[in-house]
2 protein chains.
Amino acid sequence: MNKNDLRVLKTKQSIHLALIKLLKKKPLTHIKVTELCREANINRGTFYFHYQEVGDVFKEFYEEIMVDLKESYQAPYLHTNFLDVANLDPKTVRIFHHIKKYEDFYKIVFSQDVSTHYYFMLFDEIRSICIEDQNTLQQYGELNDYLYSYSANAIMGLIIEWYRHDFKDSADDMNVHLINILKLREA
Amino acid sequence: MNKNDLRVLKTKQSIHLALIKLLKKKPLTHIKVTELCREANINRGTFYFHYQEVGDVFKEFYEEIMVDLKESYQAPYLHTNFLDVANLDPKTVRIFHHIKKYEDFYKIVFSQDVSTHYYFMLFDEIRSICIEDQNTLQQYGELNDYLYSYSANAIMGLIIEWYRHDFKDSADDMNVHLINILKLREA
DNA sequence: TATTTTATTGAACAGTTGTAAAATAAGATT
DNA sequence: AATCTTATTTTACAACTGTTCAATAAAATA
């Protein structure tokens, strides 16, 4: 299967457009392979040549979005150290802006009964960001693994709450919430 | 549908035993309704009279386990205040012992591609525990919602990492990890 | 015990799933 | 432009899904 073959690009794009269209009508878990192929005007066998299930198409979207998140942190002047509260500037935390940008998408990721795979993809990405930003603190040995998962998933907890508030707060609001919570520990 | 009808109790027990048996052979997501009914010696129509999908049976287990977790915190002498590090006694954190007790079960909950529903059931339970244990701190207004989700999901992060280490650490080890992480913020 | 209630069964149905093989056609390669 | 490569289609198949209905049998109730 050649990723650059025009035929592949065409069918994948058809499937992508079809999924986006169907997602406006019904939740991801209710979309059947047959239905998706009918909408995309491709044969069901072709679908199974590229994917295993409908969720795999969603994962493909997700990977692109993860790249976008990663890139927003590759700008060298941006630094977010969740442990160093004193030097934490709300403007430097790009995660919430990223989530807001893809709000409709993340409403699916955090919805009930969807695969946990999507949750863990974001978790792992945020965890990587924590590791890269805290590369000065290496002295905690084995505790590091737990510290990073603790910190990353705490952020995820804020996003869960944000989702449950239907993303009404702005991204900057969320940064302020984070700062305030971290400052509680200093008092 | 009468929950106390002997016929209902009998069929539900058959289904429960069948699911436990099948879970030893294959992941939850691979178990078909037909397969489960064959194993339980009940009619497929009977299954659909009680459940919608295989995962619903798992949820039924889960609810019992959530009751067990809740009860382990109802003993009034136990208090866990995740914000008050100074007064936090490792022995009082019962969550990790609970997880260890149902380790095999939680290996499914935290596995990839399973429904997020199970994750959120545990999250909500831990969040409730945080709220009850921190009922002295009400001064933060709207921030409370975010603070509780932050704290609860941070604990979930430790459990994720524990899962990824195949639950090799003991429950007491986990309590120590938690204490150490919380103490980092004081330094 | 006799009667009523209702959970369970069995059968049938259209639709979906996942897989496989040969035929076709679109695109890549020379 | 001619040939090679392979993605796509077509068709077929057995198994599973989700639902419905009448018949049955198990349990509750009086």
Side-chain angles (χ1 to χ4, degrees), chain A residues 1-61 63 108 111-118, chain B residues 1-61 63 108 111-115 117:
Chain A
M1 189 198 55
N2 182 3
K3 205 177 167 351
N4 297 321
D5 191 317
L6 283 186
R7 293 169 293 183
V8 174
L9 292 174
K10 233 177 68 176
T11 53
K12 286 210 166 189
Q13 187 177 0
S14 298
I15 294 175
H16 286 183
L17 291 174
L19 182 59
I20 289 172
K21 189 168 178 182
L22 289 176
L23 279 174
K24 287 173 183 163
K25 295 182 197 166
K26 55 175 74 179
L28 180 62
T29 43
H30 287 33
I31 298 173
K32 312 267 185 195
V33 172
T34 301
E35 192 179 8
L36 184 61
C37 294
R38 215 165 25 219
E39 185 68 44
N41 285 310
I42 59 131
N43 192 274
R44 206 161 52 84
T46 308
F47 176 89
Y48 283 111
F49 184 70
H50 293 291
Y51 309 99
Q52 307 243 23
E53 48 182 5
V54 175
D56 290 342
V57 185
F58 190 77
K59 279 180 198 166
E60 214 165 38
F61 288 159
E63 276 153 19
I108 296 169
S111 66
Q112 213 84 316
D113 286 322
V114 120
S115 164
T116 54
H117 190 77
Y118 315 132
Chain B
M1 189 197 55
N2 181 1
K3 205 177 167 351
N4 297 321
D5 191 317
L6 283 186
R7 291 170 293 183
V8 174
L9 292 174
K10 235 178 67 176
T11 53
K12 285 209 166 189
Q13 188 177 359
S14 298
I15 294 175
H16 286 182
L17 291 175
L19 182 59
I20 289 172
K21 188 168 178 182
L22 289 175
L23 279 174
K24 288 173 183 163
K25 295 181 197 166
K26 55 175 73 177
L28 180 62
T29 43
H30 288 33
I31 298 172
K32 311 271 186 192
V33 172
T34 302
E35 193 179 9
L36 184 61
C37 294
R38 218 170 18 225
E39 185 68 43
N41 285 311
I42 60 132
N43 192 275
R44 206 160 52 85
T46 307
F47 176 90
Y48 282 111
F49 184 71
H50 293 291
Y51 309 99
Q52 307 242 25
E53 48 182 6
V54 176
D56 291 342
V57 185
F58 190 76
K59 280 179 196 166
E60 215 165 38
F61 287 159
E63 276 153 19
I108 295 169
S111 67
Q112 212 85 315
D113 286 322
V114 121
S115 166
H117 191 78

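Numbered from 1 within each chain, the chains take letters A, B, ... in sequence-line order. As a basis for the values below, the full set of heavy atoms in this structure was taken, side chains included, without hydrogen atoms, waters or symmetry mates.
In this structure, A/Leu36 places its CG atom 14 Å from C1' of C/dT16, rounding to the nearest Å. Atom NZ in A/Lys3 sits roughly 15 Å away from atom C1' in D/dA7 (whole-Å rounding). One interatomic measurement links the two molecules: CD of A/Gln13 to P of D/dA7, which rounds to 18 Å at whole-angstrom precision. Residue B/Asn41 contributes atom CG, which lies 17 Å from atom C1' of D/dA26 at whole-angstrom precision. As a whole-Å value, the separation of B/Glu53 CD from D/dC16 P is 17 Å. Between A/Leu9 atom CG and D/dT6 atom P there is a gap of 16 Å when expressed in whole angstrom units. Here C/dA7 presents its P atom at 11 Å from NZ of B/Lys12, a figure rounded to the nearest Å.
To the nearest 0.5 Å, atom NZ of residue A/Lys10 and atom CD1 of residue A/Ile15 are 12.5 Å apart. With rounding to the nearest 0.5 angstrom, the CG atom of A/Leu19 is 11.0 Å from the CG atom of A/Asp56. Note that CG of A/Leu28 and CD of A/Glu53 are 9.0 Å apart. Values are rounded to the nearest 0.5 Å. Atom CD1 in A/Ile108 sits 13.0 Å away from atom OG in A/Ser115 (nearest 0.5 Å).
Residue B/His50 places its side chain closer to C/dT8 than to any other of D/dA7, D/dC16, C/dT8.
The shortest non-hydrogen separation linking A/Val8 to A/His50 is CG1-CE1, 3.7 Å. Here the closest heavy-atom approach between residue B/Ser111 and residue A/Thr116 is recorded as O-OG1, 2.9 Å.
A salt bridge is defined here as a Lys NZ or Arg NE, NH1 or NH2 lying under 4.0 Å from an Asp or Glu carboxylate O, and B/Asp5 with B/Lys12 fails to meet this definition. Ion pairing between A/Lys26 and A/Glu35 holds under the 4.0 Å rule for side-chain N and carboxylate O.
Looking at heavy atoms from C-beta onward, B/Phe47 lies in side-chain contact with B/Val57 at the 4.5 angstrom threshold.
Of the residues in residues 42-49 of chain B, those with a non-hydrogen atom less than 4.0 angstrom from any atom of DNA chain D are B/Arg44, B/Tyr48. Annotation: proximity of residues 19-35 of chain B to DNA chain D (heavy atom, distance under 4.0 Å) is found for B/Lys32, B/Val33, B/Thr34, numbered in ascending order.
Applying the Watson-Crick and G-U wobble criteria (two distances, each under 3.5 Å), D/dA30 pairs with C/dT1.
A distance-only check finds no donor-acceptor pair linking the side chain of A/Thr11 to the backbone of A/Ile42 [under 3.5 Å].
B/Asp113 and B/Thr29 share no donor-acceptor pair across their side chains, judged by distance under 3.5 Å alone.
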If a protein heavy atom is under 4.0 Å from the base, mark B; if only from the sugar-phosphate, S; if neither, -; do that for nucleotides 22-30 of chain C going 5' to 3'. ----BSS--
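Look at B/Thr11 and you'll find a side-chain N or O under 4.0 angstrom from OP1 or OP2 of C/dT8.
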